[in-house]
2 protein chains.
Amino acid sequence: MPRRRLTASEILTPEPISPMTAAEGLTLAPNPGLAERAAEAIVLGVASGALQPGQRLLEVELARLLQMSRVPLREALKILEAQGIVESAPHRGTRLATFDEARIDEICEARLALEKIAMRGAMEAYRREPALLLRLDKILTAMERAAAHMEWIEISKADLDFHREICRASGNAIVQKLWDALARHVLIVFGKEIRSERDAKAIVGQHRRLRDILAAGKAEALDEELDQHILRLQRRKGRNVR
Amino acid sequence: MPRRRLTASEILTPEPISPMTAAEGLTLAPNPGLAERAAEAIVLGVASGALQPGQRLLEVELARLLQMSRVPLREALKILEAQGIVESAPHRGTRLATFDEARIDEICEARLALEKIAMRGAMEAYRREPALLLRLDKILTAMERAAAHMEWIEISKADLDFHREICRASGNAIVQKLWDALARHVLIVFGKEIRSERDAKAIVGQHRRLRDILAAGKAEALDEELDQHILRLQRRKGRNVR
DNA sequence: CTCTGTAAGATTGTATACATTTATTATGTC
DNA sequence: GACATAATAAATGTATACAATCTTACAGAG
């Protein structure tokens, strides 16, 4: 009986396309498709102020600015629509969502709920496999470096990376997906914040504290810390925003 | 100074494209774009068993089956990827996600968190504007009609409509968006369930009870009822699924 | 026989071009 | 002059065609 030769896909992708557990810190390059990159560019554009909430997005113009065709750009808009970043009606065009204070409250509320789930799962994962904490430490180092130079975009990215890593560690694919969408809202909200040097240090400190709580497995301290961490934006309601 | 005549877009779309509050039960036709319809068709295909979880999706074949070009189909796949229904890697294709028991637990867990937020907001909305309850009643009537004939797909749709309406009533756009994604997972999970006539009646009863709790504004009874309602799927773990 | 390199086939990624719908402007009528 | 109607222009929706990439199969060297 001749043993059938394994095909390339059977070797590289055992079952799902993205192997959940790699040989420790080996993560097969994520999706750099043009559509996804365009979506990220649009979100960063809003966060940096180049695009304004509520603004109408013309496909031809955006495609020209991003130096691509309308096809991948439209795919990007579909992604962003599914995530709630833009709104569209058929034959009527697409425009950026608005981010008023009520919306910011909603974002924080949803975020809190999702992260509590993720944190619980992650705490269990870190207990079983403490080596995963190294990924958090790496992100924290990058965050500190960015904070030292007051590079707010980089700080925000590291902030979101931190929480994304926790979602990843939790192994909860659903929460991770929902949080990917929510993270884009959070990034935009971060962009609207006016923050000081003291804020930068506080942010790093908060994340270090979260990391330590996760490492120690103190479940009871987690919820309280999370509340304070995430509702920070809400407490500032009405001030310190552009 | 000549008064400038208002443009049509300024009259029809004051600020956001989708007006949050209409003249009571007047909802400007939602997005029937071809891409969105294709996405819905694919989800229904999984729910009905025509497509199997984990299956690879060939663009040309799917486009032929759905009688459309690859362009809107790809847009549909991007939407579904953002919602976690399919997974893809560039130049490697797209495949349906798998829905094992761990995944079902994740779905229920996330759903519970989101719906608790929505229910709280909706309860407040119903208190201010009891007329909104009529929309729930309408859905419940449809659900009962479907339950009488044991039309499970229709029951599931009414089930999701019920909860979508609650998200809508809550006015929380973020939760609504996240739940739209999650609802597709739930629909697929419903499709995997094997249910009896007793189940049909129980489902209708549970929703009627939820509706009454919302109408009465009994916040304390809500969480408990929700836990029982949503974790129903989880309690059946390991049995009654295909 | 196993491994490596190469070539053919298949599939996805992108760009261009056309059809449909909408929004604006212009025109005519009351 | 105000309103309704028709024509023009703009933008989106869709289809077709081409390019880049990957998978697979095959041949040859060790």
Side-chain angles (χ1 to χ4, degrees), chain A residues 1-15 17-18 28-42 55-82 86-96, chain B residues 1-14 17-18 28-42 55-81 86-96:
Chain A
M1 187 186 215
R3 199 183 63 183
R4 188 176 62 89
R5 182 169 174 177
L6 290 177
T7 65
S9 72
E10 283 171 325
I11 295 172
L12 290 176
T13 65
E15 259 308 311
I17 285 183
S18 306
L28 183 56
N31 196 333
L34 199 46
E36 185 57 38
R37 284 198 293 157
E40 191 66 21
I42 291 172
Q55 175 180 348
R56 185 163 179 202
L57 300 179
L58 294 181
E59 296 181 358
V60 282
E61 188 182 347
L62 261 183
R64 184 177 54 79
L65 286 173
L66 297 176
Q67 296 181 332
M68 66 179 70
S69 171
R70 275 180 57 216
V71 175
L73 176 68
R74 280 177 57 83
E75 294 176 352
L77 292 179
K78 292 293 184 185
I79 293 172
L80 294 178
E81 186 180 4
V86 305
E87 302 171 355
S88 80
H91 291 285
R92 280 218 208 160
T94 304
R95 64 176 59 192
L96 284 168
Chain B
M1 189 185 212
R3 199 184 62 184
R4 189 175 60 89
R5 183 170 174 179
L6 290 177
T7 64
S9 72
E10 283 171 324
I11 296 173
L12 290 177
T13 65
I17 285 183
S18 305
L28 183 57
N31 197 332
L34 200 46
E36 185 58 37
R37 285 198 291 158
E40 191 66 20
I42 291 172
Q55 174 180 348
R56 183 160 179 205
L57 300 178
L58 294 180
E59 294 181 359
V60 282
E61 188 182 349
L62 261 182
R64 184 177 54 79
L65 287 172
L66 296 175
Q67 294 180 332
M68 65 179 69
S69 171
R70 275 181 56 215
V71 176
L73 176 69
R74 280 176 57 84
E75 294 176 353
L77 292 179
K78 291 294 183 185
I79 293 172
L80 294 178
E81 185 180 4
V86 305
E87 302 171 355
S88 79
H91 292 284
R92 280 216 208 159
T94 304
R95 65 176 61 192
L96 285 168

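So that the names make sense, note that chain A is the first sequence line, chain B the second, and so on, each numbered from 1.
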Closest approach of B:Ile79 and A:Ala82, non-hydrogen atoms and distance? CG2-CB, 4.2 Å
For B:Leu34 and C:dA19, give me the distance from atom CG to atom C1', rounded to whole Å. 14 Å
Non-hydrogen atoms of B:Ala76 and B:Ala39 that approach each other most closely: CB-N, 3.7 Å
With a 4.5 Å cut-off on side-chain heavy atoms, are A:Thr94 and A:Leu58 touching? no
Let me know the distance between CZ of B:Arg95 and P of D:dT23, rounded to the nearest Å. 11 Å
Rounded to the Å, how far apart are B:Leu73 CG and D:dT14 C1'? 13 Å
From CD of A:Gln67 across to P of C:dA15 the rounded distance in Å is 10 Å
Rounding to a whole Å, what distance do you find between A:Arg64:CZ and C:dT16:P? 15 Å
Which value, rounded to the nearest 0.5 Å, describes the distance between B:Leu96 atom CG and B:Ile42 atom CD1? 7.5 Å
Strictly by side chain to side chain donor-acceptor pair (under 3.5 Å), give each pair with a member in residues 55-66 of chain A just once, sequence neighbours left out. A:Glu59-A:Arg70, A:Glu59-A:Arg74
From CD of A:Glu61 across to C1' of D:dT12 the rounded distance in Å is 15 Å
Between the protein and nucleotides 8-12 of chain C, list the N/O to N/O atom pairs that are separated by less than 3.5 angstrom.
{"from": "C:dT12", "atom 1": "O3'", "to": "B:His91", "atom 2": "N", "distance (Å)": "3.3"}

In whole Å, I'd like the distance from the CE atom of B:Met68 to the C1' atom of C:dT20. 16 Å
The residue among B:Lys78, B:Arg95, B:Glu81 that forms side-chain contact (heavy atoms from CB on, under 4.5 Å) with B:Val86 is B:Glu81
